[in-house]
Amino acid sequence: MNSALHGIKVVDLTQGVSGPMSTRLLSQMGARVIKVERPQGGDLIRHWDDYVNGMCSGHVWVNPGKESIALNLRSEEGVDILLRLLADADVVIENFVPGTLAGWGLDDDRLRSVKDDLIICHISGFGQTGPSADRAALDLIIQAESGLISTNGTEAEPAKLSVSVADISGSMYATISILECLYHRERTGEGQTIDLALFDAVMTWTGYFPYMAWYQGRNPGRVGLNHHTMFPYGVYQAGDDKGVVIAAGAGSHDQWRRFCEAMSLPELIDHPDYSSNGLRLQNKDELQKIVVDAMAAQPQSYWLERFHEFGIPSGAYNEFDEALEHPRLKHRKLVKEIDSAVGPVKVFDFAPSFSSLDSVNELGPPLLGEHTDSILAEIGLDPEAIEKLRAGEIVV
């Protein structure tokens with residue numbers, strides 16, 4: 001296939017979401033990803049549920065496109081096999097608690113001793129050094145410590161973000177960082193070590209919140225489905241009880257004028273209580289009642305067409321099953337069905353589409369150790385040697 005990372009080999013020691021999501025993206029760019037898992041149960045994400053023909057939905061989400069070898073890295077034989085795998089690898093990525101690999105005799109110097117231009121990516125909750133570095137940190141912990149939970153939910157009750165935003169932000173930065181290091185190596189011949197903290201990653205995603213604290217001396221607080229700095233903004237019920245999402249609260253007076261015209265409320269355009277974004281925020285309770293009453297007069301289809309006509313950002317409030325039937329998904333053919341050991345499974349294609357490059361979706365989510373024998377054979381082990389390792393519980 002015409003894929004950008006064809007020929008790049010990634011050895012993936014990660015589990016959960018933050019690392020596996022990154023290597024999933026690399027596999028879709030054409031990299032070969034060898035997922036190294038512990039023989040006793042493998043990646044912890046395998047055990048969250050059994051929704052997909054007996055396989056975990058999380059595993060099906062983040063681990064297609066990879067080969068799996070079950071390898072005991074607490075043994076000398078397992079460490080030796082890993083180092084042999086790294087001899088022709090380009091990238092190794094891990095997300096254990098800092099110090100774990102070094103405790104197994106696999107510090108950066110040892111990893112790079114087999115290939116001096118190796119790119120080593122460490123993902124952790126709070127980085128490899130400094131405060132809290134030795135702490136395990138799942139997505140919920142990072143959402144809490146970063147203050148993100150305190151900004152989400154209603155005034156009455158906070159809520160975590162339902163998607164693993166800390167893990168995903170880390171995976172995106174890991175992917176970008178690895179691509180940057182591959183480009184750097186192409187120009188200089190140098191390997192690189194990446195130290196990526198989920199806390200750092202998600203903090204850079206907090207947008208304007210820090211500026212409210214730094215320059216206004218106040219916390220963002222929780223605004224439910226509304227916006228901290230714009231109004232009108234949120235979900236409104238149309239006359240047929242279907243939701244309409246409106247993002248009409250930009251500071252532009254022209255957009256406010258068009259919104260009022262679309263709502264057939266021209267008297268609000270220059271109203272002394274609503275003529276600027278600041279005034280609308282200041283008087284949002286009264287304005288909210290006006291908008292709610294007006295929205296209830298017409299069905300969802302009317303408002304979506306009306307707002308589109310007047311250039312007001314809006315959309316339908318969908319339940320998740322409705323989103324999966326969205327015309328955009330069908331037009332883009334973003335959902336693919338690929339073969340796996342448990343039968344055909346649905347996966348999302350690579351989100352970007354290119355004029356000529358291909359995304360790769362060939363391998364389904366692997367069973368634990370599904371490719372152990374073929375990978376070991378590649379590095380020169382014969383069937384007798386492989387069976388000896390299996391009998392010694394070094395591989396599965």
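All heavy atoms count here, side chains included; hydrogens, waters and symmetry mates do not. Residues: numbered from 1 along the sequence shown.
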Quiz prompt | In one Ile/Leu/Val/Met/Phe/Trp/Tyr side-chain cluster, 4.5 Å: I120, L182 | solution = no

Exercise. For the residue pair F307 and F259, categorise the inter-ring angle as parallel (less than 30°), tilted (30 to 60°) or perpendicular (more than 60°).
Key: parallel

Quiz prompt | E261 and R257 ion-paired at < 4.0 Å | solution = yes

Self-check item: Donor-acceptor contact present, side-chain H59 to main-chain D49, <3.5 Å
Solution: no

Exercise. Could you tell me whether the side chain of D195 reaches within less than 4.5 Å of the side chain of T193, counting heavy atoms only?
Key: no

Quiz item: How long is the gap from CD1 on I269 to CZ on R258, to the nearest 0.5 Å?
Solution: 11.5 Å

Quiz item: To the nearest 0.5 Å, what is the distance between OG (S150) and CZ (R222)?
Solution: 7.5 Å

Quiz item: Do K115 side-chain atoms and A89 backbone N/O form a donor-acceptor pair below 3.5 Å?
Solution: yes

Quiz item: Okay, side chain of N2, backbone of D358: is any donor-acceptor separation there less than 3.5 Å?
Solution: no

Practice problem: For the residue pair W303 and M263, establish whether any side-chain heavy-atom pair is separated by less than 4.5 Å. | Solution: yes

Quiz prompt | R38 side chain vs G42 backbone, donor-acceptor pair below 3.5 Å | solution = yes

Quiz item: Is there side-chain contact between R32 and I34, with at least one heavy-atom pair below 4.5 Å?
Solution: yes

Practice problem: Evaluate side chain to side chain contact (heavy atoms under 4.5 Å, CB included) for I178 paired with S22, printing each intermediate quantity in order. | Solution: CA-CA 9 Å; I178 288 167; S22 175; 4.3 Å; yes

Quiz item: Just wondering, do H308 and F310 contact through their side chains at under 4.5 Å, heavy atoms?
Solution: no

Between side-chain atoms of residues 131-139 and protein atoms elsewhere (two or more places apart, or another chain), which donor-acceptor pairs fall under 3.5 Å?
residue, atom, partner, partner atom, Å
S132, OG, R135, NH1, 3.2
R135, NH1, E145, OE2, 3.2
R135, NH2, E145, OE2, 2.7
D139, OD1, V165, N, 3.4
D139, OD1, A166, N, 2.8
D139, OD1, D167, N, 2.9
D139, OD2, Q143, NE2, 2.7

Quiz item: Taking all atoms of both residues into account, what is the closest heavy-atom pair of L334 and A351, and its distance?
Solution: CD1-CA, 4.4 Å

Quiz item: Side chain of R112, backbone of Q192: donor and acceptor closer than 3.5 Å?
Solution: yes

Quiz item: With a 4.5 Å limit on heavy-atom distance, are the side chains of H253 and S276 in contact?
Solution: no

Quiz item: Between H227 (side chain) and G249 (backbone), is there a donor-acceptor pair under 3.5 Å?
Solution: no

Quiz item: Between K66 and T23, do the side chains contain an N or O donor and an N or O acceptor separated by less than 3.5 Å?
Solution: yes

Quiz item: Is a side-chain N or O of H228 found less than 3.5 angstrom from the main chain of G221, in a donor-acceptor match?
Solution: yes

Quiz item: Taking the side chain as C-beta and beyond, is there a heavy-atom pair between I312 and Q255 under 4.5 Å?
Solution: yes

Quiz item: Are any non-hydrogen side-chain atoms of E393 and N72 less than 4.5 angstrom apart?
Solution: no

Quiz item: From D109 CG over to D116 CG, what is the distance, rounded to the nearest 0.5 angstrom?
Solution: 12.0 Å

Quiz item: Below 4.5 Å, heavy atoms only, C-beta onward: do E325 and N318 meet side chain to side chain?
Solution: no

Quiz item: Going by atom types only, do Q288 and Y236 share a side-chain donor-acceptor pair under 3.5 Å?
Solution: yes

Quiz item: With distance as the sole test, does T372 use its side chain to make a donor-acceptor pair with the main-chain N or O of V396 at under 3.5 Å?
Solution: yes

Exercise. Provide the closest heavy-atom pair for I45 versus G16 in the form atom of the first, atom of the second, distance.
Key: CD1-O, 3.3 Å

Quiz item: What is the distance from atom CG of L279 to atom NE2 of H271, rounded to the nearest 0.5 Å?
Solution: 10.5 Å

Self-check item: Side chain K35, main chain P20, donor-acceptor under 3.5 Å
Solution: no

Quiz item: Q216 side chain to R218 main-chain N or O, any donor-acceptor pair under 3.5 Å?
Solution: no

Exercise. Treat each ILVMFWY residue as a node, draw an edge where side-chain heavy atoms are under 4.5 Å apart, and state whether I386 and V79 are in one component.
Key: yes

